[in-house]
Amino acid sequence: MKTMAAVLGGLMMATVSGAALAQVHTETFDANSEWSWDGELKFESGRMSLCTIKSPYDDNSVLMFMLDRDRDFMMGLVDPDWGLKKDTKDTIKYWVDNHKPKNTGTAFIVDESAIVVDLPESDALYEQLRMGNKLHFEFQDEEFWYGLNGTKKALEALWA
């Protein structure tokens with residue numbers, strides 16, 4: 001749901017920065033020494049609120065995947081060098097390895113350095129993310145990529 005991505009921005013940034021959140025239980029696991037899984041649980045009617053897996057990179061950027069209580073699947077990207085305009089949106093194109101066509105979505109800019117993208121319900125995209133080597137994306141006239149080492153176990157844990 002599109003409005004959910006904007007709301008989740010604050011939760012995403014708290015997860016990245018390690019800030020304490022009220023009523024939070026966090027579990028972590030290690031997959032290929034590159035991924036950690038952080039689950040943000042608010043015990044509202046015993047249901048999960050947000051589950052996040054994230055991978056930090058050497059350039060201080062972070063790739064994350066999130067699943068909310070309605071099982072909406074999202075991607076978060078953080079790059080401290082971006083200097084984005086908060087509370088705006090922009091188009092993003094993304095693809096795994098050489099899979100075509102490129103996926104197009106809306107990047108919700110939740111912070112000067114962070115975006116959240118709602119991902120479509122797509123078994124093909126999910127499998128590409130699990131089994132792929134590189135996630136490529138075009139955002140604000142630049143092209144970036146992230147290695148996907150460890151996503152198979154990490155995404156399986158996210159959906160468990």
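Note that the structure is a prediction, hence the values are computed from the model and not measured.
- Under a hydrophobic-cluster definition in which Ile, Leu, Val, Met, Phe, Trp and Tyr are linked whenever side-chain heavy atoms come within less than 4.5 Å, directly or via other members, I53 and L125 are assigned to the same cluster.
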Could you walk me through whether W82 and I109 pass the side-chain contact (heavy atoms from CB on, under 4.5 Å) test, one step at a time?
CA-CA 11 Å; W82 273 340; I109 301 170; over 6 Å; no

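- Checked options M74, M75, M66; the residue passing with V117 is M75 (criterion: side-chain contact (heavy atoms from CB on, under 4.5 Å)).
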Take L135 and V96 through the test side-chain contact (heavy atoms from CB on, under 4.5 Å) and record every step on the way to the result.
CA-CA 5 Å; L135 171 64; V96 176; 4.1 Å; yes

Should V116 and V110 be marked as a side-chain contact (heavy atoms from CB on, under 4.5 Å) after you check the CA-CA gap, both sets of side-chain angles, and the distance that decides it?
CA-CA 7 Å; V116 174; V110 297; 4.1 Å; yes

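- Taken from CD in Q128 to NZ in K134, the straight-line distance is 16.0 Å, to the nearest 0.5 Å.
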May I have the step-by-step check of side-chain contact (heavy atoms from CB on, under 4.5 Å) for L63 and L148, ending in yes or no?
CA-CA 9 Å; L63 169 64; L148 292 176; 4.0 Å; yes

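- Crowding of K86 atom NZ: a count of heavy atoms from other residues, nucleotides or ligands under 6.0 Å not exceeding 12.
- Note: F73 and Y126 have perpendicular aromatic rings, judged against thresholds of 30 and 60 degrees for the angle between ring planes.
- Hydrophobic clustering, with ILVMFWY side chains joined whenever heavy atoms are under 4.5 angstrom apart, keeps W95 apart from F65.
- W145 and L119 are assigned to two separate hydrophobic clusters, defined by single-linkage of ILVMFWY side chains at heavy-atom distances under 4.5 Å.
- Other residues, nucleotides and ligands contribute at most 12 non-hydrogen atoms within 6.0 Å of the CD atom of E121.
- In this structure, the side chain of D90 does not engage the main chain of A107 through any donor-acceptor pair within 3.5 Å.
- Considering N60, D59, V62 as possible partners of P80, the one that fulfils the side-chain contact (heavy atoms from CB on, under 4.5 Å) test is N60.
- Residues D118 and F108 come closest through the heavy atom pair OD2-CE1, 3.6 Å.
- Here the CG-CE distance, from L155 to M131, works out to 11.0 Å after rounding to the nearest 0.5 Å.
- Of the possible donor and acceptor atoms, none in the side chain of Y146 sits under 3.5 Å from a partner among the backbone N and O of Y57.
- In this structure, CD in E143 is found 7.0 Å from NE2 in H136, a value given to the nearest 0.5 Å.
- Checked against a 6.0 Å centroid threshold, the rings of F139 and F144 do not count as neighbours.
- The CD atom of Q140 lies 11.5 Å from the NZ atom of K85; values are rounded to the nearest 0.5 Å.
- Side-chain atoms of D79 never come within 3.5 Å of backbone atoms of S113 as a donor-acceptor pair (strictly under, hydrogens ignored).
- In this structure, V78 and D111 have side chains that are not in contact, with every pair of non-hydrogen atoms separated by 4.5 Å or more.
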